[in-house]
Amino acid sequence: MRLGVLGVGDLTEKMIRGLYRSERDIHVWLAPRNRERADALAKDFGCRVMASNQDVVDAVDVVLIGVRPAQLEELAAEVVLRPEQSLISVVAGVSTRELRTLFRSERCSRAMLSAASEINRPTVAVYPAGSMAEDLLAPFGNLVVLDQEDHFELATVGACMNGWWYFLFDEIEQWFVSKGLAEEQARELALSSVEDCVAYARHKKPVELRDVDVSIATPSTFTAKGLDVLKEHGGQAAWTNACEAVFELLNKKA
Ligand SMILES: NC(=O)c1ccc[n+]([C@@H]2O[C@H](COP(=O)([O-])OP(=O)(O)OC[C@H]3O[C@@H](n4cnc5c(N)ncnc54)[C@H](OP(=O)(O)O)[C@@H]3O)[C@@H](O)[C@H]2O)c1
């Protein structure tokens, strides 16, 4: 596949690194802006850096859009896609309807990924089913195909939450360190604990997560005591509130 990237930024660089790592038969053409990043990708993987955005579009089958939402209109004015060309957008909060209007293209799909794209382990939400986003990214991570676009916005909230986890892990690691643990051990305790939760929760399917919780935090255990403190301080509600706030912002935009 010949893939063109318009918006060579933090996320698309990680995606490109991950795609090459996945050893798929894929060749990447890059927009010239942010030249240093594009040149590094050219050096590492042989991506071609073109003189203009339109040159990228003209060279490829599929166009990946990775600019920030406020930069989208300017970008759309710079390019004309061919009717058979597919466009995949990773731009948060911009609907396929808006993409179709801006890029005068019918074949638009969306994907939402996390930083783990760089190592081929991201959560990959795509909309709609059967689109080029699904084709390209299905082998790339844990795929979640959304059949309603408002559900895709929920996946965007999930992508933000993915960023919040790192702050939580960091806080936990720092707490261990403040109590005298070496950084390496502290990091391992923080991260490994999360890894084993995820593995066990997957293993227990179809048991409801609620039932797994209850079976672990049984009354009068230290776990239950800590959970009471978390609830008392709004620790859990704070996450739901943050999700609601981001979801509201996304919906306001749409
Ligand atoms: N980063 C993430 O983990 C993440 C996760 C999920 C979704 N997203 C979505 O991904 C998109 C990109 O985010 P990011 O963090 O990767 O942003 P970023 O690092 O700022 O990347 C955007 C890139 O697009 C370039 N650009 C802007 N206008 C352009 C144009 N007209 N033609 C060609 N290139 C242009 C920018 O160049 P300049 O620097 O010169 O402006 C920059 O290199 C956003 O819409 C965001 O919602 C990001």
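Computation of the quantities below employed the complete heavy-atom set of this structure, encompassing side-chain atoms and omitting hydrogens, waters and symmetry-equivalent molecules. In this text, all values refer to a predicted model and were calculated from it rather than measured experimentally.
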Residue pair Arg33, Glu74: steps toward the salt bridge (charged side-chain N to carboxylate O under 4.0 Å, His left out) verdict: CA-CA 13 Å; Arg33 191 156 148 178; Glu74 180 196 326; 3.5 Å; yes
Evaluation steps, side chain to side chain contact (heavy atoms under 4.5 Å, CB included), between Val91 and Leu72: CA-CA 8 Å; Val91 182; Leu72 196 60; 4.1 Å; yes
Intermediate values then yes/no, side chain to side chain contact (heavy atoms under 4.5 Å, CB included), Asp211 and Lys204: CA-CA 10 Å; Asp211 295 331; Lys204 291 298 278 183; over 6 Å; no
Chi angles and distances behind the side chain to side chain contact (heavy atoms under 4.5 Å, CB included) call for Val62, Ile88: CA-CA 8 Å; Val62 177; Ile88 301 172; 3.8 Å; yes
Verdict with supporting geometry, Val5 and Val56, side chain to side chain contact (heavy atoms under 4.5 Å, CB included): CA-CA 7 Å; Val5 180; Val56 174; over 6 Å; no
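Residue Arg37 qualifies as enclosed at atom CZ: its count of foreign heavy atoms under 6.0 Å is above 12. Other residues, nucleotides and ligands place no more than 12 heavy atoms under 6.0 Å from the CD atom of Glu73. The environment of Arg121 atom CZ is sparse: at most 12 non-hydrogen atoms of other residues, nucleotides or ligands sit within 6.0 angstrom. Residue Glu84 places its CD atom among more than 12 non-hydrogen atoms of other residues, nucleotides or ligands, all under 6.0 Å distant.
The closest donor-acceptor contact from the side chain of Glu13 to the backbone of Val8 lies at 3.5 Å or more, if one exists at all. Counting only distance, with no hydrogens or angles, the side chain of Arg24 and the backbone of Leu136 share a donor-acceptor pair below 3.5 Å. At least one donor-acceptor pair under 3.5 Å links the side chain of Arg104 to the backbone N or O of Leu102. A distance-only check finds no donor-acceptor pair linking the side chain of Ser114 to the backbone of Asn162 [under 3.5 Å]. Within the 3.5 Å criterion, the main-chain N or O of Leu189 finds no donor-acceptor partner in the side chain of Ser192. A donor-acceptor pair is defined here as one N or O able to donate and one able to accept, closer than 3.5 Å; no such pair exists between the side chain of Asn34 and the backbone of Gly9.
Of the N and O atoms on the side chains of Ser131 and Glu134, not one donor lies less than 3.5 Å from an acceptor on the other residue.
The CG atom of Asp10 sits 8.0 Å away from the CZ atom of Arg68 when rounded to the nearest 0.5 Å. Atom CZ of Arg110 sits about 5.5 Å away from atom OG1 of Thr156, to the nearest 0.5 Å. Expressed to the nearest 0.5 Å, how far OH of Tyr127 lies from OG1 of Thr96 amounts to 5.0 Å. Note that the CG atom of Asp61 and the CZ atom of Arg82 stand 7.0 Å from one another [nearest 0.5 Å]. Atom SG in Cys243 sits 4.5 Å away from atom CH2 in Trp164 (nearest 0.5 Å). How far CG of Asp213 is from OG1 of Thr218: 12.0 Å, rounded to the nearest 0.5 Å.
In terms of hydrophobic clustering, with Ile, Leu, Val, Met, Phe, Trp and Tyr side chains grouped at heavy-atom distances under 4.5 Å, Leu19 and Leu113 are assigned to a common cluster.
Here Asp44 pairs with Arg17 under the salt bridge (charged side-chain N to carboxylate O under 4.0 Å, His left out) rule; sequence neighbours left out. Take Asp25 and apply the side-chain contact (heavy atoms from CB on, under 4.5 Å) test, not counting sequence neighbours, and it matches His27.
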